[in-house]
Amino acid sequence: MLLYIIAGEASGDLHGANLVKELKQKNSSIQYRAWGGDLLQAQGATIVKHYRDLAFMGFIEVVMNLKTILKNIEDCKKDILVHKPNALVLIDYPGFNLRIAEWAKQQNIKVFYYISPQIWAWKQSRVHKIKRVVDKMFVILPFEKDFYKKFDYDVDFVGHPLLDAVLGKQNSESFEEYCNRNNLEKKPIVAILPGSRKQEIATMLPIMLNQIKNFPQYQFVIAGAPSQTKEYYNEFLQSKNVKIVYNQTYDLLSKAHAAMVTSGTATLETALFNVPQVVCYKGSKVSYLIARQLIKVKYISLVNLIMDRVVVKELIQNELNETQLKQELQNIIVDAEPRKTMLKEYVDLKEMLGNNGASERTAQLILENLK
């Protein structure tokens, strides 16, 4: 049996790898072919194309790279036809994956979708295509089951896979041991998570690095994305008193006192490690204006979306400036009321996400639906 997995981003690679790990325990004979990254490869999947060559951020950026995106879609279709998988497992990444799903339905290939596109935020009309072309949808946010129910589409809520990922990555070494291992100072750590795409990093990292001079009693440490080279980060680090650690974001978060985080999955990961955070986002002016017209949600961070209220401060576009970022960082660094309140809210967040075991539940449902 062959399963064909498509994960176009770092988070999809993580969740895809954990899913494959659970599937292997239940059926060791399944083979895996994937568009993904190092984590899926480590679980034994044959990687067709790495996600670092797939991720484009923002409306204008997608248009500029449309030729490359369309070629990737055609290459993917050809590869699927050659290898004839028993089913596709699509992980988020909707612009690409929904096109593949529609085509796969025409080829009579079974389609599983793990981690729903955020159609409740924008392009809600895509729910009709999903109903038509996806055989089974596995959702990870508690409100998504009710959203789909409004459109008479039954989906499975499996819980959030980050609970599994974080639970399995708790760092047992002491703060001193961690600092020694990474050649860090013994001062409290402010983690910098500027994203994984080049466009995100180029926009966010310089703004975040400007805060170093405002907090000399802390050390700032960047979570280096595995998809980027040291040379790329070095462009931004000249004369900055900052360290960078690669491929160990969870270890960093387990030791961090506070964090600045680019909007995305990392906001939820940071909350699950109980690290107070400021959420940052800035895109091109045109992309931002288009997004404001199309996106139907009140918040950009997963933490606030799930809780349906402001738990973490979001600094978006013009609000993301040195003065406001300094103030919000000050609020969560000192042991004051905003920091205490945020940590209390994180407890409620974890309860809303359900129990751990999302990867195992999804693996079981996939196998049942393959029979």
Side-chain angles (χ1 to χ4, degrees), residues 10 162 165-196 201 204-226 228-262 265-280 303 312-313 315 322-347 350:
L162 276 182
V166 168
L167 193 66
K169 292 290 184 180
Q170 295 292 340
N171 189 342
S172 60
E173 66 186 333
S174 69
F175 182 78
E176 186 173 359
E177 288 170 336
Y178 175 76
C179 291
N180 289 338
R181 178 164 63 84
N182 289 286
N183 195 28
L184 303 177
E185 300 177 65
K186 301 303 187 293
K187 296 192 291 187
I189 292 172
V190 176
I192 298 178
L193 280 67
S196 59
I201 296 166
M204 306 298 171
L205 189 53
I207 299 170
M208 294 171 167
L209 291 176
N210 280 338
Q211 292 302 316
I212 295 173
K213 64 180 181 295
N214 297 322
F215 299 93
Q217 67 274 44
Y218 294 86
Q219 61 177 326
F220 287 71
V221 183
I222 300 168
Q228 306 301 338
T229 64
K230 292 182 181 180
E231 289 73 24
Y232 182 70
Y233 284 102
N234 287 338
E235 297 174 25
F236 308 98
L237 304 186
Q238 295 171 5
S239 73
K240 298 288 186 182
N241 182 24
V242 61
K243 292 288 179 66
I244 183 166
V245 294
Y246 293 91
N247 301 318
Q248 48 173 308
T249 300
Y250 284 4
D251 280 356
L252 174 61
L253 286 174
S254 72
K255 303 305 177 191
H257 179 74
M260 294 179 285
V261 187
T262 295
T265 305
T267 62
L268 185 55
E269 292 171 313
T270 303
L272 293 178
F273 275 98
N274 292 317
V275 181
Q277 63 184 296
V278 183
V279 176
C280 306
V303 175
V312 297
K313 180 65 178 180
L315 295 179
E322 185 171 348
T323 301
Q324 286 188 259
L325 184 53
K326 178 184 177 181
Q327 180 59 56
E328 296 303 332
L329 201 53
Q330 179 69 31
N331 285 343
I332 62 169
I333 279 181
V334 298
D335 195 23
E337 205 56 39
R339 178 180 174 88
K340 292 176 181 177
T341 301
M342 193 178 295
L343 290 170
K344 287 178 184 176
E345 293 273 31
Y346 283 173
V347 175
K350 291 172 189 175

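Numbering starts at 1 and runs along the sequence shown. All figures in this text were calculated on a predicted structure; none of them were measured in a lab.
- Under the side chain to side chain donor-acceptor pair (under 3.5 Å) criterion, Arg181 pairs with Glu173, Asp251, not counting sequence neighbours.
- Checked for salt-bridge contact, Glu322 and Lys213 meet the test: a charged N lies under 4.0 Å from a carboxylate O.
- Rounded to the nearest 0.5 Å, atoms CD (Gln217) and CD1 (Ile333) are 7.0 Å apart.
- No donor-acceptor pair closer than 3.5 Å links the side chain of Tyr346 to the backbone N or O of Thr270.
- Between the side chain of Lys187 and the backbone N or O of Pro216, at least one donor-acceptor pair lies under 3.5 Å.
- Residue Glu345 holds its CD atom at 7.5 Å from OG1 of Thr341, rounded to the nearest 0.5 Å.
- Taking OG1 of Thr267 as the reference point, atom CD of Gln277 lies at 5.5 Å (rounded to 0.5 Å).
- Distance check: Asn247 CG to Leu252 CG gives 12.5 Å after rounding to the nearest 0.5 Å.
- Results of the ring pair (Phe, Tyr, Trp, His ring centres under 6.0 Å) test with His257 over Phe220, Tyr218, Phe215 single out Tyr218 as the only residue that passes.
- The aromatic rings of Phe273 and Tyr250 lie tilted to each other, with the angle between the two planes from 30° to 60°.
- The distance from atom CD1 of Ile222 to atom CZ of Phe236, rounded to the nearest 0.5 Å, is 9.5 Å.
- Gln219 meets the side chain to side chain donor-acceptor pair (under 3.5 Å) test with no other residue; sequence neighbours excluded.
- Lys186 places no side-chain N or O within donor-acceptor distance of the main-chain N or O of Cys179, the cut-off being under 3.5 Å.
- Under the side-chain contact (heavy atoms from CB on, under 4.5 Å) rule, Leu205 has a single partner from Asn210, Ile192, Thr262, which is Ile192.
- If you take CD1 on Ile201 and CG on Leu193, they are separated by 10.5 Å, rounding to the nearest 0.5 Å.
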